[in-house]
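To find a chain, count down the sequence lines: A is the first, B the second, and so on, and within it residues start at 1. The shown structure was predicted, so the numbers you read here are calculated from the model rather than taken from an experiment.
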Amino acid sequence: MKIQEILTKSSLEAAPLLLGCYLYRKLPDGILKLKIVETEAYHQDDPASHSFRGMTTRTAPMFEEGGRLYVYFTYGMHYCVNIVVGQKGVGEAVLLRAAEPLEGIEVMFNNRYGPVQGPTLYNLYNQHITDTNVRGLTSHISGITDIKNLANGPAKLTQALGITDTSLSGKMLNGSSIWLEAAKEPLKASDIVASPRIGIKEATQMPWRFYIKDNQFVSKYNKNHDG
DNA sequence: ACCATGATCCGCT
DNA sequence: GCGGATCATGGTT
């Protein structure tokens, strides 16, 4: 299915359709490519959604036509990225919760952990290095050299993309900075799991989180919610 | 006061 | 390794 067609659909339809699609990000250091593996649908009729209480300066992009970004700041330190979908005037979006890094992985490492002197963390990962003194890090060296930890959460994904503010919120996915490409082949329904969303206090039972079954790059909360 | 979170620590297996 | 508790930290309402 064409990306443009997905972006005109409601969030509940679009969220599973975005699984397997590719996310691109153009940065000075190169072009990043990731495969979307986990999403959540939010809608203005849904009390867990930022758009539920109406349009504000922050949430205005959710009410635009599909094909824009909605970026928000949360918990005093994190940013998260949504794909705005549906029709203008309806506040809905799909939260990107996790992705599989495909290209530009070293740039993603630097976006997540900062540039390092000498051998990069990316190279350490590739060499399965056990140097426990890089940047003074010891016990968590295995965590930061794990490629699965680059984008397996909404704020991690945003950080890996090099998004460090809300300046992209409301912008089009137009190919200059960040854009999408359709999945090569549609996922089979049996490859998609629907489950309750993560980290919300309202509508906690609605199965509006979607992820690719058995994918290693989904956020690590599966065991709480898998059926 | 409340968060669509992540990293760390700590006790347990 | 894993699960639960804790905390960092600031925009939004």
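The two residues A:Phe217 and A:Asn152 have their closest heavy-atom pair at O-CB, 3.4 Å. Contact record, A:Lys213 with A:Ser190: CD-O, 3.6 Å, taken as the closest heavy-atom pair. Taking both residues in full, the closest heavy atoms of A:Leu168 and A:Leu69 are given as O-CB, 3.6 Å, listed atom of the first, atom of the second, then distance.
Here the side chain of A:Lys156 is nearest to one of B:dA4, B:dA7, B:dC3, namely B:dA7. In the set C:dG10, B:dA4, B:dT5, B:dT5 carries the atom at the smallest distance from any side-chain atom of A:Ala155. Candidate nucleotides B:dA4, B:dT5, B:dC3 were compared by shortest atom distance to the side chain of A:Ile198, and B:dT5 ranks first.
Donor-acceptor pairing under 3.5 Å, judged by distance alone, is absent between the side chain of A:Tyr75 and the base of C:dA8.
Contact check, A:Thr74 against C:dG10: no side-chain N or O comes under 4.0 Å of OP1 or OP2. Listed pair A:Arg53 / C:dT12 fails the phosphate criterion, with no side-chain N or O lying under 4.0 Å from OP1 or OP2. For B:dA7, one of the phosphate oxygens OP1 or OP2 lies less than 4.0 angstrom from a side-chain nitrogen or oxygen of A:Arg112.
At the heavy-atom level, A:Leu95 lies under 4.0 Å from base atoms of the strands shown. Backbone-only engagement by A:Thr56 is indicated by non-hydrogen atom pairs under 4.0 Å involving sugar-phosphate atoms exclusively.
The cationic group of A:Arg197 lies under 6.0 Å from the six-membered ring centre of A:Tyr42 and within 45° of the ring axis, placing it in a cation-pi geometry.
The distance from atom CE of A:Met77 to atom C1' of C:dA8 is 4 Å, rounded to the nearest whole Å. Atom pair A:Phe73:CZ and C:dA8:P shows a separation of 15 Å (rounding to whole Å applied). The separation between A:Gln44 atom CD and B:dA4 atom P is 18 Å, rounded to whole Å. Rounded to a whole Å, the OH atom of A:Tyr42 is 12 Å from the P atom of B:dC3. Residue A:His50 contributes atom NE2, which lies 9 Å from atom P of B:dC3 at whole-angstrom precision. Distance, A:Asp146 CG to B:dA7 P: 12 Å, rounded to whole Å. Distance CG (A:Asn149) to P (C:dC2): 13 Å, rounded to an integer number of Å. As rounded to whole Å, 8 Å separates atom C1' of C:dA8 from atom NE2 of A:His78.
A donor-acceptor pair shorter than 3.5 Å can be found between the side chains of A:Arg25 and A:Ser177.
No option in A:Lys184, A:Glu100, A:Glu103 other than A:Lys184 meets the side-chain hydrogen bond (donor to acceptor under 3.5 Å, both in side chains) test with A:Tyr22.
Ring to ring, A:Tyr72 and A:Tyr70 are close: their centroids are under 6.0 angstrom apart.
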DNA chain B in dot-bracket form (Watson-Crick or G-U pairs under 3.5 Å, [ ] crossing, | inter-strand) is |||.||||||||.
